[in-house]
Amino acid sequence: MPELPEVETTRKGIEPHLLGQKVRLVLVRQDQLRWPISAGLGQAVTGQMIDAVERRGKYLFLVTAAGRVMIHLGMSGSLRIQSPSAPLKTHDHVDFVLANEQILRFHDPRRFGSIFWLPGESDHSLLRSLGPEPLTTAFSAAYLFGVSRGKSVAVKNFLMNSHIVVGVGNIYANESLYLAGIRPEKPAGKVSLARYARLVDRVKEVLASAIEAGGTTLRDFVHEDGSPGYFKQSLHVYGRGGEACLGCAGILKEVRLGQRTTVFCSRCQR
DNA sequence: AGTCGCGCCTGGCGGC
DNA sequence: TGCCGCCAGGCGCGAC
């Protein structure tokens, strides 16, 4: 479920609990996620101190001197900090037990998430072709305009492609395109530089606001302490198909685009 | 090379 | 109440 704001919210939430802590034990109850959990994970990370908690796109990294634990939350994954007395729930697949007995617990009903151990300075093939971070200057109108020329794919699918830009999923793609006044089905290669400038600005604003609000909780996204995010109340189109457009009071349309629900206003978005 | 659709899973909801 | 189909914050891969 998580897009960049939810992953960043998770990162900021777990970081203060993990920095300087040693991993005492790793308990893997279910290792069949999107991909099998790296077989040597427990042995590799046990005894290691967590020096940093980083994020690249929707991937989180627990950084140690020996290497990095790479975590993706998929559609339904979450990470929480729990005490040893917290009852175990169904789909609590992995525990990282810290030296202070607190537990970093990975929970993922649909098991679309993944956990890898990356030894030393090594990288993972999944990281190699990722696009720029949306909240950096590398994500610009000139960049989007340049990489989109000649592409017939719908601009919404283009925006959700992690090889183009990381972190923008279905909620924030819908929201950004609405705020930029761009129709989601428009071929990416036909969008002008000026309109990409608007889109880039709106993507940055929406993601930053969502991070500030602690992410969007629709169903099961929770913070490290179990609390929800509050950006849902700021959504303009996502989940509002058939309701009134907040700009023109027309009825918001809902269609399928790339197997994902897409909501837009046919009057405000061209 | 680009584009499209499938499938990995579980759970919740609406309809019959 | 049950059963069934459909939907869900993602995304890599194989088939054209």
Side-chain angles (χ1 to χ4, degrees), chain A residues 1-11 29-37 55-60 70-79 89-93 106-116 124-131 134 147-177 184-190 203 206-207 209-211 213-223 228-235 237-242 254-263:
Chain A
M1 7 200 226
E3 302 183 37
L4 188 146
E6 291 72 42
V7 178
E8 179 62 17
T9 296
T10 297
R11 190 198 69 76
R29 299 185 192 82
Q30 166 63 271
D31 66 357
Q32 297 301 306
L33 304 180
R34 169 84 197 258
W35 288 282
I37 293 177
R55 179 189 61 74
R56 171 78 174 103
K58 296 175 190 169
Y59 293 96
L60 286 169
M70 169 171 150
I71 302 172
H72 195 290
L73 300 176
M75 286 280 272
S76 59
S78 61
L79 286 167
K89 296 206 289 191
T90 308
H91 310 302
D92 281 345
H93 303 314
F106 176 80
H107 175 86
D108 186 6
R110 293 177 70 182
R111 285 191 268 134
F112 288 179
S114 51
I115 303 180
F116 299 98
H124 193 285
S125 58
L126 291 172
L127 302 172
R128 278 176 208 141
S129 53
L130 292 180
V147 293
S148 63
R149 290 311 90 184
K151 304 278 171 69
S152 63
V153 65
V155 64
K156 178 173 178 250
N157 297 339
F158 185 70
L159 190 60
M160 290 175 64
N161 181 346
S162 65
H163 298 103
I164 301 303
V165 58
V166 296
V168 184
N170 200 31
I171 294 179
Y172 302 113
N174 276 299
E175 292 297 310
S176 307
L177 288 163
E185 310 103 311
K186 186 156 178 100
K190 297 258 178 77
V203 167
V206 167
L207 294 180
S209 304
I211 291 169
T216 300
T217 297
L218 296 175
R219 278 160 284 274
D220 42 5
F221 170 71
V222 289
H223 294 186
Y230 293 104
F231 196 69
K232 185 182 176 189
Q233 58 206 56
S234 303
L235 298 177
V237 288
Y238 186 86
R240 298 193 63 242
E254 185 165 311
V255 299
R256 298 287 287 180
L257 205 55
Q259 289 83 244
R260 310 303 297 275
T261 297
T262 302
V263 186

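- For C:dA8, the OP1/OP2 oxygens have a side-chain nitrogen or oxygen of A:R256 closer than 4.0 Å.
- Between A:F116 and A:H124, the ring planes lie tilted relative to each other; the angle falls in the 30° to 60° range.
- Residues A:D92 and A:H107 have side chains that bring a donor and an acceptor to within less than 3.5 angstrom of each other.
- Here A:S76 does not reach the OP1 or OP2 of B:dT10: none of its side-chain N or O atoms lies under 4.0 Å away.
- Contacts of A:L126 with the nucleic acid, taken as non-hydrogen atoms under 4.0 Å apart, involve only primed sugar atoms and P, OP1 or OP2.
- Contact check, A:R260 against C:dG10: a side-chain N or O comes under 4.0 Å of OP1 or OP2.
- The nucleotide whose nearest atom lies closest to any side-chain atom of A:M160 is, among C:dG10, C:dA8, B:dT3, C:dG10.
- Spacing between atom NE2 of A:H163 and atom P of C:dG10 amounts to 15 Å, rounded to whole angstrom units.
- Per the geometry, CZ belonging to A:F112 stands 15 Å off P belonging to C:dC7, to the nearest Å.
- Atom-to-atom, CD1 of A:I71 to P of C:dG10 comes out at 18 Å; the value is rounded to the nearest Å.
- Phosphate proximity of B:dT10 to A:R111: present, with a side-chain N or O under 4.0 Å from OP1 or OP2.
- To the nearest angstrom, C1' of B:dC4 lies 16 Å from CZ of A:F158.
- The residue among A:T90 and A:N157 whose nearest nucleotide of DNA chain B lies closer to the 5′ end is A:N157.
- Nucleic acid contact class of A:Y238 (heavy atoms, under 4.0 Å, all strands): sugar-phosphate only.
- Checked by atom type and distance alone, the side chain of A:N174 pairs as donor or acceptor with a backbone atom of A:V263 at under 3.5 Å.
- Nearest-nucleotide positions on DNA chain B for A:A154 and A:R110 put A:A154 closer to the 5' end.
- Formation of a donor-acceptor pair under 3.5 Å by the A:K151 side chain with backbone atoms of A:V147 is found in this model.
- Taking side-chain N and O atoms only, A:H72 has a distance below 4.0 Å to OP1 or OP2 of C:dC11.
- Across C:dG12, B:dC6, C:dG10, the shortest atom-to-atom separation from the side chain of A:Q259 is found for B:dC6.
- Judged purely by atom type and a 3.5 angstrom limit, A:T262 uses its side chain to pair as donor or acceptor with the backbone of A:R260.
- Closest to the side chain of A:H91, from the set C:dA8, B:dC8, B:dG11, is B:dG11.
- With hydrogens and angles left out, the side-chain atoms of A:H72 and A:S114 include no donor and acceptor closer than 3.5 Å.
- Taking the P atoms as reference points, C:dC3 lies 23 Å from B:dC9, given to the whole Å.
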Inset, instruction - Report the C-alpha separation of A:I71 and A:F106 in whole Å, then their side-chain angles, then the decisive distance to 0.1 Å, and conclude whether the side-chain contact (heavy atoms from CB on, under 4.5 Å) test is met. - result: CA-CA 9 Å; A:I71 302 172; A:F106 176 80; 4.1 Å; yes
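- Distance from the side chain of A:K151 is smallest to B:dG2 among C:dA8, B:dC9, B:dG2.
- Summarising the geometry, the separation between CG on A:D108 and P on B:dG11 is reported as 11 Å, rounded to the nearest angstrom.
- For DNA chain C, the stems formed by at least three consecutive Watson-Crick or G-U pairs, with both atom-pair distances below 3.5 Å, span B:2-8 with C:10-16, B:10-16 with C:2-8.
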Inset, instruction - Under the side-chain contact (heavy atoms from CB on, under 4.5 Å) rule, what do A:R55 and A:L4 come out as? Steps first, then yes or no, please. - result: CA-CA 9 Å; A:R55 179 189 61 74; A:L4 188 146; 3.2 Å; yes
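- Rounded to whole angstrom, the span from the CG atom of A:L257 across to the P atom of B:dC4 amounts to 9 Å.
- You'll find that the side chain of A:V153 is closest to B:dC4, out of C:dG12, C:dG10, B:dC4.
- Going from atom NZ of A:K58 over to atom C1' of C:dG10 covers 6 Å, rounded to whole Å.
- Between the CD atom of A:E254 and the C1' atom of C:dA8 there is a distance of 12 Å, given to the nearest Å.
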